[in-house]
Amino acid sequence: MSAEGLLKRTHGGAVSLEQNMARKYRAETIYRHVERKKAIAARAYEYIEDRDTIIIDDASSSFYLALHIKSHPEKRVAVVTNSLLVGNELAGIEHVELYMIGGYVGGHLAASMGESAVENMEHFHVDKGFIGVHGINFEAGLTSIATPQMQVKQAIMKTTDKVFVLADSTKFGGGYLSIICPIKSVYKIITDQQVSKQNVIRAERESVPLVIAKRPE
């Protein structure tokens, strides 16, 4: 099987190359545009009040919000999430009350999704929701990479009246497979300082609630 390219020999056994590629893809997703995502997470944290209840999805930007919450004990927060990565970071943290959404686990950043996850979310109502998106398209709206992720994000939107989109500046434009919602359906879209002037001008012209996060000094 090694000759067929399916396995790589290691000391003491063999490792699936597909597993290696999956791990590499997850790492690339998490560690892409790190400083931008940290700035966005820090700005998003400013909207969280002490004793808020929030929901965080499985996006990489949401993961950095979880890390920010973890490192700031001054605010006590109840967090609902479908993300195994977020759950792993926040489990056992004294100032965080953690609730995990159950369901089928999938996606390149491991998270619960599918009908069970959506039904589970219907039992929650939170103060604020924080989600990532595949893209921001001024004509189509907020987009997702596939239907399962779209369904989860739409379910999250039903749990709260204030939805914050965490999206670095590379998310503007591009193609899409699924549409989550119209762009004006969310409370704020938080992006980084690399966002183009054209996108800022268009957001202002169309009354899109765009917030630009500054890099920490």
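In this text, all values refer to a predicted model and were calculated from it rather than measured experimentally.
Checking side-chain atoms of T191 against main-chain N and O of A167 turns up a donor-acceptor pair under 3.5 Å. Side-chain N or O atoms of S83 include none that pairs as donor or acceptor with a backbone N or O of A111 at under 3.5 Å. K75 places no side-chain N or O within 3.5 Å of a backbone atom of D52 that could act as its donor or acceptor partner. Checking side-chain atoms of H95 against main-chain N and O of I69 turns up a donor-acceptor pair under 3.5 Å. Judged by distance alone, with hydrogens and angles left aside, the side-chain atoms of Q193 form no donor-acceptor pair with the main-chain N or O of K214 at under 3.5 Å. Formation of a donor-acceptor pair under 3.5 Å by the T81 side chain with backbone atoms of G87 is not found in this model. At distances below 3.5 Å, at least one donor-acceptor pair connects side-chain atoms of D192 with backbone N or O atoms of S169. No donor-acceptor distance shorter than 3.5 angstrom exists from the side chain of S62 to the backbone of I56, with no hydrogens or angles considered.
L84 and V80 are assigned to two separate hydrophobic clusters, defined by single-linkage of ILVMFWY side chains at heavy-atom distances under 4.5 Å. Hydrophobic clustering places I48 together with I190 (ILVMFWY residues linked when any side-chain heavy atoms are closer than 4.5 Å, directly or through intermediates). When the side chains of ILVMFWY residues are joined at heavy-atom separations under 4.5 Å, either directly or via intervening members, I54 and L67 end up in two distinct hydrophobic clusters. With hydrophobic clusters built from ILVMFWY side chains whose heavy atoms lie under 4.5 angstrom apart, V126 shares a cluster with V152. Y187 and M157 sit in two unconnected hydrophobic clusters of ILVMFWY residues. Membership requires side-chain heavy atoms under 4.5 Å apart, directly or through other members.
With values rounded to the nearest 0.5 angstrom, R36 atom CZ is found 6.5 Å from T170 atom OG1. Remark: K162 NZ to F130 CZ distance equals 10.0 Å, nearest 0.5 Å. The distance from atom OG of S112 to atom CE of M121, rounded to the nearest 0.5 Å, is 5.5 Å. Rounded to the nearest 0.5 angstrom, I55 CD1 and T159 OG1 are separated by 4.5 Å. Between atom CD of residue Q149 and atom CD1 of residue I131 there is a gap of 12.0 Å, rounded to the nearest 0.5 Å. The structure places CD1 of I183 at 8.5 Å from CG of L210, a figure rounded to the nearest 0.5 Å.
A pairwise comparison of heavy atoms in G129 and T160 identifies N-CG2, 3.6 Å as the closest pair. When all heavy atoms of V211 and Y47 are compared, the pair lying nearest together is CG2-OH, 3.5 Å. When all heavy atoms of E206 and K184 are compared, the closest pair comes out as O-CE, 2.6 Å. The two residues M150 and S178 come nearest to each other via the heavy atoms SD-CB, 3.6 Å. Closest approach of A213 and A39 over heavy atoms only: CB-O, 3.4 Å. In this structure, A110 and V105 approach most closely via the heavy-atom pair CB-CG1, 4.1 Å.
V86 is not listed as a side-chain neighbour of D58, based on a closest heavy-atom distance of 4.5 Å or more. Between K158 and E122, the closest side-chain pair of non-hydrogen atoms is not below 4.5 Å. Taking 4.5 Å as the limit, some side-chain heavy atom of E89 sits within range of a side-chain heavy atom of F63.
Remark: F138 CZ is packed, more than 12 non-hydrogen atoms of other residues, nucleotides or ligands lying under 6.0 Å away. Under a cut-off of 6.0 angstrom, the local environment of CD in E115 is sparse, with at most 12 non-hydrogen atoms contributed by other residues, nucleotides or ligands. Within 6.0 Å of the CD atom in E97, the count of heavy atoms belonging to other residues, nucleotides or ligands does not exceed 12.
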> Under the side-chain contact (heavy atoms from CB on, under 4.5 Å) criterion, do K37 and D168 qualify, and how do the steps go?
Replying inline: CA-CA 6 Å; K37 292 174 181 178; D168 68 72; 3.8 Å; yes
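Using bins of under 30°, 30° to 60° and over 60° for the plane-to-plane angle, the ring pair Y45/H72 lands in the tilted bin. Taking the six-membered ring where the residue is Trp, F124 and Y99 present perpendicular rings, their angle passing 60° and hence far from 30°.
Under the 4.0 Å criterion applied to side-chain N and carboxylate O atoms, K128 and E46 are not assigned as salt-bridge partners.
Of the residues L166, T143, I180, the one that meets the side-chain contact (heavy atoms from CB on, under 4.5 Å) test with V133 is I180. The only option from I189, N137, V163, I179 that meets the side-chain contact (heavy atoms from CB on, under 4.5 Å) definition with L142 turns out to be I189.
In the model, S144 has no side-chain atom that pairs as donor or acceptor with a side-chain atom of K153 under 3.5 Å.
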